[in-house]
Amino acid sequence: MNKTENTTLFSTHKNPYEFNGEAIDYQLVNENIKYDKYFYVESYGCAMNFADSEVVASILEQNGFGGTKNIEIADLILINTCSIREKAELTIRKRLTEFRRLKQANPGLLVGVLGCMAERLKAQLLEEEKLVDLVVGPDAYRTLPDLIADAGTGQKAVNVLLSRDETYGDIAPVRLDNNGISAFVSIMRGCNNMCSFCVVPFTRGRERSRDAFSILAECKDLVEKGYKEVVLLGQNVDSYYWNNPETNTTTTFAMLLEQVAQINPSLRVRFSTSHPKDITDEVLHIIASYDNICKNIHLPVQSGSTRMLQLMNRTYTREWYMAKIDRIRELLPTCSISSDIIAGFCTETEDDHQDTISLMQYANYDLSYMYYYSERPGTLAARRYEDDIDLATKKRRLQEIVDIQWTLSNESNKRDVGGVFEVLIEGNSKRNEAEWMGRSSQNKVVVFPKGDFKNKKGDYVKVKIHNFTKGTLLGDIIL
Ligand code: SAH
Ligand code: SF4
Ligand code: F3S
């Protein structure tokens with residue numbers, strides 16, 4: 001990860017955005033079956049892309065492809081891409097060049113670009129990247145088998161049609177993350193918000209919510225398979241709104257959250273991302289009422305200056321956002337709060353930047369994902385405003401907010417020392433097999449010795465925190 005372009009502090013939290021290819025660690029879809037053809041898939045960008053790759057894996061498996069994590073034996077390489085910042089696209093262009101060697105060794109190999117960059121660049125991508133055979137947008141994955149067949153005959157295959165109703169609700173995703181404890185569940189697609197800096201409404205299309213019954217069925221199925229945590233995903237989960245055509249009744253996000261929480265008290269429920277304008281008191285009350293709904297809200301502010309927020313088209317002011325933070329603290333005193341912040345958006349002054357710093361301090365974020373502004377072609381900001389903050393200033397301001405967040409995160413971890421947290425064990429600690437790694441409800445990583453306790457992956461344990469390192473709370477099991 002490029003530290004200056006895109007800085008995440010304290011990896012104590014599950015990161016909803018930054019899948020960087022290597023995050024894929026998947027098993028053979030079914031190691032007992034011998035397939036004629038194998039696909040390999042890499043995901044970049046946000047968790048929604050990762051979840052989409054799981055849908056793609058399911059579609060391919062039903063069409064005779066096996067999954068492999070060994071790129072050398074793949075007949076089809078898919079790269080699920082992100083366009084959120086220029087750097088994200090450059091990373092993918094570079095990765096594509098690395099496939100050249102594989103293509104030379106295996107002339108029958110097909111390379112497909114999926115996701116947001118496919119949608120943004122469409123057929124242009126085929127002209128620019130000669131080794132690409134398929135370009136498939138986020139709403140066109142059902143047509144992958146036909147497109148692969150076309151590409152197999154030497155034609156270039158493109159489908160970037162966006163849909164108003166595709167949710168892949170009926171497709172049971174193949175879980176690519178083999179920890180078997182936590183799973184992403186997509187509850188909606190697209191975004192109607194039109195934040196002026198953001199490319200997502202163009203790459204993902206109109207917002208639509210998935211059938212609530214299919215979401216509940218997927219969560220129940222995960223519980224039966226031994227999963228202990230679901231992360232409900234959408235660009236703006238709080239505007240989830242599903243109308244049942246048979247009964248003409250609607251399900252809101254608060255209702256859905258409650259129904260998922262009621263499936264099983266030992267299933268943890270997380271969700272991401274909340275737009276500050278849409279998170280309601282009702283949702284906060286539901287979070288408070290259920291122990292298994294995690295006390296962690298990702299509430300991206302983007303800027304602390306009302307003038308910037310207006311230019312960004314975020315539809316709230318600094319004061320309105322602060323009141324929202326107050327409300328969360330009042331109703332959910334143990335809740336951790338994280339944010340996304342953009343430094344150096346068009347016309348940002350030093351005063352605007354100071355407003356962001358003071359807002360971060362007011363909100364007392366446990367964690368933030370921080371970026372400097374990257375102009376994206378076709379967005380409202382690219383059309384209306386000049387990208388007038390020079391790179392050195394953007395980087396300096398980013399570094400300043402990174403430093404502030406470092407202090408806030410450090411203080412947050414310090415406050416946890418001496419406290420006892422319920423931790424869901426996710427597996428061995430990376431550094432030491434004699435230690436477990438898990439997460440608290442607040443989404444912080446906790447590492448602790450296994451000792452003589454006969455615990456296993458997926459168990460809940462109470463851990464008392466005695467120390468912390470940069471990204472990890474350290475503790476001991478207590479009974
Ligand atoms: N739907 C989420 C955000 C998804 S994109 C939400 O609204 O909160 C993740 C983050 O990337 C955004 O919150 C924003 O901070 C950042 N981002 C989006 N477009 C950007 C751009 N053009 N330049 C820099 N950062 C950007
Ligand atoms: Fe982008 Fe705004 Fe939609 Fe988030 S809410 S995806 S930042 S347009
Ligand atoms: Fe996600 Fe990147 Fe697309 S953040 S929605 S993969 S542009």
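Whatever order the structure lists ligands and atoms in, that order sets their numbers, starting from 1. Small disclaimer: the values here were computed from a predicted structure and weren't measured.
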Participant: Determine, step by step, whether D278 and Y240 satisfy the side-chain hydrogen bond (donor to acceptor under 3.5 Å, both in side chains) criterion, reporting the C-alpha distance in whole Å, the side-chain angles of both residues, the deciding distance to 0.1 Å, and the verdict.
Facilitator: CA-CA 10 Å; D278 292 317; Y240 177 86; over 6 Å; no

Participant: Among side-chain atoms of S163 and D139, is any donor-acceptor pair under 3.5 angstrom?
Facilitator: no

Participant: Does any non-hydrogen side-chain atom of L331 lie less than 4.5 Å from one of H285?
Facilitator: yes

Participant: Indicate the ring-plane relationship of Y373 and F345, choosing parallel, tilted or perpendicular according to the 30° and 60° boundaries.
Facilitator: perpendicular

Participant: Tell me whether C198 has any N or O atom under 3.5 angstrom from an N or O of ligand 1.
Facilitator: no

Participant: Applying a strict 4.0 Å limit to heavy atoms, is E86 in contact with ligand 1?
Facilitator: no

Participant: Would you say Q235 touches ligand 3, if touching means a heavy atom closer than 4.0 Å?
Facilitator: yes

Participant: Is there a side-chain contact between R415 and N364 in this structure, where contact means two heavy atoms from C-beta onward sitting under 4.5 Å apart?
Facilitator: yes

Participant: Considering only heavy atoms of R85, which atoms of ligand 1 have at least one such atom less than 4.0 Å away?
Facilitator: 11 (O), 16 (C), 17 (N), 23 (N), 24 (C), 25 (N), 26 (C)

Participant: With the threshold set at 4.0 Å, does a side-chain nitrogen-carboxylate oxygen contact exist between E218 and R175?
Facilitator: yes

Participant: May I ask whether R204 has any heavy atom positioned less than 4.0 angstrom from an atom of ligand 3?
Facilitator: yes

Participant: Would you please determine whether Y369 falls within less than 4.0 Å of ligand 1 on a heavy-atom basis?
Facilitator: no

Participant: So does R142 pair up with D170, basic N to acidic O under 4.0 Å?
Facilitator: yes

Participant: Short list, please: which atoms of ligand 2 are under 4.0 Å from a heavy atom of P201?
Facilitator: 8 (S)

Participant: What protein heavy atom sits nearest atom 8 (S) of ligand 2, and how far away is it?
Facilitator: C195 N, 3.5 Å

Participant: Within ligand 3, which atoms have a heavy atom of C46 less than 4.0 Å away?
Facilitator: 1 (Fe), 4 (S), 5 (S), 6 (S)

Participant: One residue to check: H298. Relative to ligand 1, which of side chain, backbone, both or neither has a non-hydrogen atom less than 4.0 Å away?
Facilitator: neither

Participant: Can a side-chain donor-acceptor contact be found between N410 and T407 if the only test is distance below 3.5 angstrom?
Facilitator: no

Participant: Are E127 and K156 ion-paired here, with the side-chain N under 4.0 Å from a carboxylate O?
Facilitator: no

Participant: Short N/O distance, under 3.5 Å, between Y371 and ligand 1?
Facilitator: no

Participant: Run the numbers for me: atoms of ligand 1, each under 4.0 Å from some heavy atom of R314, listed by number.
Facilitator: 7 (O)

Participant: Of T379, D340, I84, V199, which has the heavy atom at the shortest distance from atom 5 (S) of ligand 1?
Facilitator: I84

Participant: Note the single closest protein heavy atom to atom 5 (S) of ligand 2, along with its residue, its atom name and the distance in Å.
Facilitator: N193 ND2, 3.2 Å

Participant: Taking the side chain as every heavy atom from C-beta outward, state whether D146 and N159 have any pair of such atoms under 4.5 Å apart.
Facilitator: no

Participant: So which protein heavy atom does atom 1 (Fe) of ligand 2 come closest to, and at what separation?
Facilitator: C198 SG, 2.3 Å

Participant: Short list, please: which atoms of ligand 3 are under 4.0 Å from a heavy atom of N49?
Facilitator: 6 (S)

Participant: Taking R384 for its side chain and S196 for its backbone only, find out whether a donor-acceptor pair lies under 3.5 Å.
Facilitator: no

Participant: With backbone taken as N, CA, C and O and side chain as the heavy atoms from C-beta onward, which portion of K277 lies under 4.0 Å from ligand 1: side chain, backbone, both, or neither?
Facilitator: neither

Participant: Just to check, does N236 reach to within less than 4.0 Å of ligand 1 when the distance is taken from its heavy atoms?
Facilitator: no

Participant: Checking side chain to side chain contact (heavy atoms under 4.5 Å, CB included) between M312 and each of S303, C195, S305, which is the one that passes?
Facilitator: S303

Participant: So, is C82 placed with an N/O/S atom under 2.8 Å from atom 1 (Fe) of ligand 3, counting both backbone and side chain?
Facilitator: no

Participant: Below 4.0 angstrom, N of the basic side chain to O of the carboxylate: do E426 and R439 qualify?
Facilitator: yes

Participant: With a cut-off of 4.0 Å, which atoms of ligand 3 are near a heavy atom of C116?
Facilitator: 3 (Fe), 5 (S), 6 (S), 7 (S)

Participant: Output the list of atoms in ligand 1 that are nearer than 4.0 Å to some heavy atom of R376, sorted by atom number.
Facilitator: 22 (N)

Participant: Regarding ligand 1, does E375 bring an N or O atom to under 3.5 Å of one of the ligand's N or O atoms?
Facilitator: no

Participant: Any idea which atoms of ligand 2 are less than 4.0 Å away from a heavy-atom of R314?
Facilitator: 2 (Fe), 7 (S)

Participant: Could you say whether the N/O atoms of S274 and ligand 1 ever approach to under 3.5 Å?
Facilitator: no

Participant: From atom 8 (O) of ligand 1, work out which of A88, P201, P300, C46 has a heavy atom at the shortest distance.
Facilitator: P300

Participant: Any ion pair linking R397 and E350 (charged N to carboxylate O, less than 4.0 Å)?
Facilitator: yes

Participant: May I ask you to decide whether R93 forms a salt bridge with E129, counting only side-chain N to carboxylate O separations under 4.0 Å?
Facilitator: yes

Participant: Under 4.0 Å, heavy-atom basis, I'd like to know which part of C191 is in contact with ligand 2: side chain, backbone, both or neither.
Facilitator: side chain

Participant: Any salt bridge between R307 and D351, counting N to O under 4.0 Å?
Facilitator: no

Participant: Taking heavy atoms and a distance under 4.0 Å, where does Q235 meet ligand 1: side chain, backbone, both or neither?
Facilitator: both

Participant: Is the shortest distance from a heavy atom of S83 to ligand 3 less than 4.0 Å?
Facilitator: yes

